[in-house]
Amino acid sequence: MRTVGILSIFISICCLASSCTPDPVPEPETYQEVPGDNDSSVPETPKQPEGSMTIKITVGSNVFKADIENTETGKAFLDKLPLTLDMSELNGNEKYCYGIALPRNDKHFGSLAAGDLMLYSGNCIVLFYGSAGGYSYTRIGKLKSTDGLAKALGSGSVSVRFEKE
């Protein structure tokens, strides 16, 4: 206790000796409300990821919508559309098709979910209809809804059409 008191006195004397003054408190920034910012009468609509584009994915008579990433990979994928792929079954949770080369920027995903549209190894399109994880992929896009996706894709190979809306 005594050391703290002596230290406080020492600091006070040093400040007085050097004529120190506390820093001025900055003025608070002013906030100007923009008309319409808090207009709660306008319902919010779900926003599409900035710069993404929606495509249509058709499996038999089932149609799904997907948002394609605004990335080099996403843009290259869009440039290849329309595209019909014969996709094979793997692991009871995904359909895949090799032979579609796209720019890659692989990242390790701890988990993937139904509706993830991914690029594997730079030349394999993968559409997940169940959860998975543990591999490196480049994201192409994501389905807006997966209702009925697993049933539409079935358990074997299937033809899947990707096209711009």
Side-chain angles (χ1 to χ4, degrees), residues 26-165:
E27 290 293 319
E29 291 185 28
T30 57
Y31 173 76
Q32 185 175 7
E33 189 170 315
V34 176
D37 269 359
N38 294 323
D39 187 1
S40 59
S41 65
V42 179
E44 277 195 39
T45 55
K47 292 183 180 176
Q48 184 172 330
E50 190 174 321
S52 69
M53 180 173 184
T54 301
I55 65 165
K56 180 168 76 168
I57 300 172
T58 307
V59 183
S61 62
N62 300 283
V63 176
F64 303 92
K65 306 287 181 169
D67 288 327
I68 301 302
E69 299 278 308
N70 184 16
T71 61
E72 186 180 1
T73 306
K75 292 172 186 173
F77 181 72
L78 289 169
D79 288 344
K80 293 190 179 288
L81 301 184
L83 190 62
T84 301
L85 303 176
D86 292 318
M87 301 187 82
S88 301
E89 170 65 33
L90 184 64
N91 300 325
N93 65 351
E94 67 186 79
K95 299 295 184 187
Y96 71 94
C97 180
Y98 277 98
I100 309 299
L102 297 171
R104 64 194 277 192
N105 184 15
D106 293 349
K107 291 183 174 64
H108 181 77
F109 287 83
S111 65
L112 294 160
D116 285 334
L117 180 61
M118 309 297 279
L119 176 67
Y120 177 74
S121 191
N123 70 346
C124 182
I125 305 296
V126 182
L127 177 57
F128 285 91
Y129 63 91
S131 60
Y135 293 95
S136 291
Y137 294 91
T138 300
R139 181 173 300 282
I140 298 171
K142 177 94 175 151
L143 271 68
K144 293 181 179 218
S145 171
T146 59
D147 292 343
L149 180 64
K151 184 176 180 181
L153 292 172
S155 60
S157 295
V158 65
S159 178
V160 180
R161 179 156 179 85
F162 300 87
E163 59 191 317
K164 295 176 186 176
E165 277 201 302

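Across all non-hydrogen atoms, the minimal contact from Asn93 to Ala132 is ND2-CB, 3.2 Å. The shortest non-hydrogen separation linking Ile57 to Ala66 is CD1-CB, 3.8 Å. The heavy-atom pair separating Glu89 from Ser155 by the smallest distance is CG-O, 3.3 Å. Closest approach of Gly122 and Arg104 over heavy atoms only: CA-CD, 3.7 Å. The two residues Asp86 and Cys97 come nearest to each other via the heavy atoms O-SG, 3.7 Å. The two atoms that bring Ser136 and Asp106 nearest to each other are CB-CB, 4.1 Å, heavy atoms only.
Remark: Glu69 CD to Leu119 CG distance equals 12.5 Å, nearest 0.5 Å. Here the CZ-CG distance, from Phe128 to Leu90, works out to 8.5 Å after rounding to the nearest 0.5 Å. A distance of 10.0 Å separates CE in Met87 from OH in Tyr96, rounded to the nearest 0.5 Å. Atoms NZ and CG, on Lys95 and Leu117 in that order, are 14.5 Å from each other to the nearest 0.5 Å. Residue Leu102 holds its CG atom at 10.0 Å from CD of Glu72, rounded to the nearest 0.5 Å. Here the OG1-CD1 distance, from Thr73 to Ile68, works out to 11.0 Å after rounding to the nearest 0.5 Å.
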Q | Test log, rule side-chain contact (heavy atoms from CB on, under 4.5 Å), inputs Leu127 and Leu153 | A | CA-CA 10 Å; Leu127 177 57; Leu153 292 172; 4.2 Å; yes
**Q.** Test side-chain contact (heavy atoms from CB on, under 4.5 Å) applied to Met53 and Asp67, step by step
**A.** CA-CA 5 Å; Met53 180 173 184; Asp67 288 327; over 6 Å; no
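The salt bridge (Lys or Arg N to Asp or Glu O under 4.0 Å) test applied to Glu163 returns Lys56, Arg161, not counting sequence neighbours.
Here the options are Ile140, Leu112, Ile125, the test is side-chain contact (heavy atoms from CB on, under 4.5 Å), and the partner is Met118; only Leu112 passes.
For Tyr129 and Phe64, the ring centers are positioned 6.0 Å apart or more.
Around the NZ atom of Lys151, the shell of radius 6.0 Å holds no more than 12 heavy atoms that belong to other residues, nucleotides or ligands.
A 4.5 Å side-chain heavy-atom check between Arg139 and Phe109 finds at least one atom pair inside the cut-off.
Note on ring orientation: taking the six-membered ring where Trp is involved, the planes of Tyr98 and Tyr120 are perpendicular (angle over 60°, cut-offs 30° and 60°).
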